Amino acid sequence: MTIKKTYKLFIGGKFPRTESGRVLDVRGKDGELLANASWASRKDFREAVVAARKASGGWGKASAYLKGQILYRIAEMLEGRRAQFVVELVAHGISEERAEKDVSEAIDLLVHYGGWSDKYQALFSSANPVASSHFNFSVPEPTGVVGIIAPRRGSLPELVSALAPVIVGGNSAIVLAGENALTAITFAEVLSTSDVPAGVVNILTGKRAELIPEFAKHMDVNAVLLCSNDKDEKKLLDLESAENLKRVSHQKDAPLKESPYHILDFQEVKTTWHPIGV
Amino acid sequence: MKAGVLNFPDRRESPTIDQVGVEERAKRFCARSIKKETKMSALKLAVTMLDVTTLEGADSVGKVRQMCQKARQPLPGDPSVGPAAAVCVYPRMVKTAAKAVEGSSVLVASVATQFPSGQMRLKERLAEVRYAVGEGADEIDMVISRGQFLQGEYRAIFDEVAACKEACGGAHLKVILETGELTTYDNVRWASDIAIAAGADFIKTSTGKVPIAATLPVTLVMLQAIEDHYDRTGKMVGMKPAGGISNAKLAIQYLVMVREVLGEKWLTNKWFRFGASSLTNDLLMQIRKQETGRYQSGDYFTKD
């Protein structure tokens with residue numbers, strides 16, 4: 001007898017069911033029911049914000065070395081479960097060849113950003129010339145709690161390319177996964193066995209129209225990354241984010257190209273004046 | 001009340017507690033649906049019932065002053081919120097606190113009697129009460145000797161509470177039972193009855209210094225003791241759960257319980273208090289949420 005898996009949410013390092021009790025049908029390419037996934041409510045989102053806030057202090061202060069090691073570790077664990085991801089992606093109607101390629105790409109992305117963990121600071125810091133007897137230098141620091149609205153469709157690279165630069169920069173993240181809920185939650189299982197501290201990554205599966213306004217309005221979310229081609233979604237996010245001056249980054253509804261500038265998108269630059277002499 | 005007319009209670013009138021029943025009943029208070037306006041008024045009421053507390057070795061004059069300011073005006077710019085009922089400090093900080101709350105309705109409560117353990121001779125513990133009252137405390141939060149209670153020396157507890165009440169003079173006496181150390185609901189009920197009979201103005205669950213602090217069932221047992229005393233004598237006694245009440249939702253559940261067990265008469269800060277250090281900001285954040293529809297961040301509220 002085959003047992004159908006129930007896919008839950010990933011909040012604060014645990015896998016709770018949605019408090020609302022609602023489920024989404026996840027259907028394969030022929031319309032057959034693959035599984036039930038949780039349909040996250042606004043309250044689930046708020047719980048995720050609390051978990052992310054709790055985790056952000058420690059993660060933000062973790063050493064570059066540790067963050068890099070943890071990203072490599074995620075890549076290792078993902079490699080170990082390659083077969084499972086391929087099966088799930090194929091069930092979603094992706095060809096086997098493409099699925100293999102997608103998993104490899106996700107692993108490469110993690111290794112790529114893991115490598116940046118102790119380098120982006122040097123790239124984005126500066127010693128600034130000033131006309132007084134001060135050393136003046138600027139360094140990037142994590143923004144804090146970042147909401148990520150992942151690309152709507154697609155497979156693993158879509159999710160990882162949005163998430164990796166955010167967490168390598170020392171932020172904690174709340175991800176609203178795309179419609180491919182199974183891959184997202186299986187990826188959460190990878191995260192939970194990769195020494196990622198609880199709450200640093202939280203993954204919700206649900207409806208964009210219901211949750212995007214919550215991401216935008218919540219005062220304890222410091223930034224939002226929206227992967228969308230929808231004008232109304234962008235406008236709504238921009239308007240509602242103004243209240244607490246959230247940092248908003250708009251990206252296309254597609255995998256993000258690997259680039260250290262995606263790390264910089266969620267950094268705050270701190271400038272220090274240090275007197276010399278006397 | 002004169003010490004001479006106090007009588008040691010009859011234990012036969014102190015019922016044993018049905019643990020399962022109490023816990024089940026306490027759980028039901030959490031299932032009430034509290035809607036908009038009611039929620040808002042409950043949140044505001046809870047703010048006025050706060051004993052804003054700092055009981056740390058690291059308390060400084062500056063920290064106490066800052067906390068007192070917060071008690072006077074919890075939400076700057078919104079006079080409809082607060083002030084809190086009292087500030088609760090160590091005896092050495094009473095003078096500072098009394099000066100800082102001068103001219104407002106905020107009272108000064110001081111812990112005393114070798115808080116939190118109570119492990120000292122009665123003589124020194126009473127001296128501490130007198131010292132705190134002399135410094136300007138309006139209320140004294142005493143601890144009972146749990147060790148003696150657990151040894152069965154119930155009369156000693158009765159006597160120490162009565163002696164403290166006398167030493168308080170005009171100040172109100174809150175008796176901390178430290179329910180987390182009394183181990184059973186029967187003990188909690190019996191200790192409540194002793195404290196009430198010995199002249200306590202308030203009974204209070206915990207010091208906040210042991211892992212198990214206030215819980216809904218333990219508070220329910222104590223409320224029942226207050227209810228029975230009221231039915232017998234017509235005298236009201238106050239209740240103060242303390243420790244572990246850190247969010248607004250839980251605070252509202254306590255209010256529901258008080259309302260349903262004791263009735264509306266107890267829903268004022270004269271008869272019900274919350275002892276808490278981190279509850280204030282959560283209440284304020286919930287009030288702002290109700291007003292703006294946006295869930296709030298600790299970044300935008302003063303730390304105290």
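Lettering of chains follows the sequences in order, A, B, ..., and the numbering in each one begins at 1. Everything quoted here is computed from the prediction, not taken from an experiment.
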More than 12 heavy atoms of other groups within 6.0 Å of [X] [atom1]:
X        : atom1 : value
B:Lys39  : NZ    : no
B:Glu291 : CD    : yes
A:Phe137 : CZ    : yes
B:Arg32  : CZ    : yes
A:Lys54  : NZ    : no
A:Arg53  : CZ    : yes
A:Lys270 : NZ    : no
A:Arg42  : CZ    : no

Original post:
B:Ser297 and side-chain contact (heavy atoms from CB on, under 4.5 Å): which partner among A:Asp220, A:Val145, A:Asn244, A:Val49?
Top reply: A:Asp220

Original post:
Taking non-hydrogen atoms and a cut-off under 4.5 angstrom, which of residues 195-209 of chain A neighbour chain B?
Top reply: none

Original post:
Got a second to check how far A:Met219's CE is from B:Gln296's CD, nearest 0.5 Å?
Top reply: 5.0 Å

Subject >> Closest approach of A:His218 to B:Tyr295 (non-hydrogen atoms, all atoms of both residues) >> reply: NE2-CB, 3.3 Å

Subject >> Chi angles and distances behind the side-chain contact (heavy atoms from CB on, under 4.5 Å) call for A:Asn222, B:Asp299 >> reply: CA-CA 10 Å; A:Asn222 302 114; B:Asp299 291 352; 4.2 Å; yes

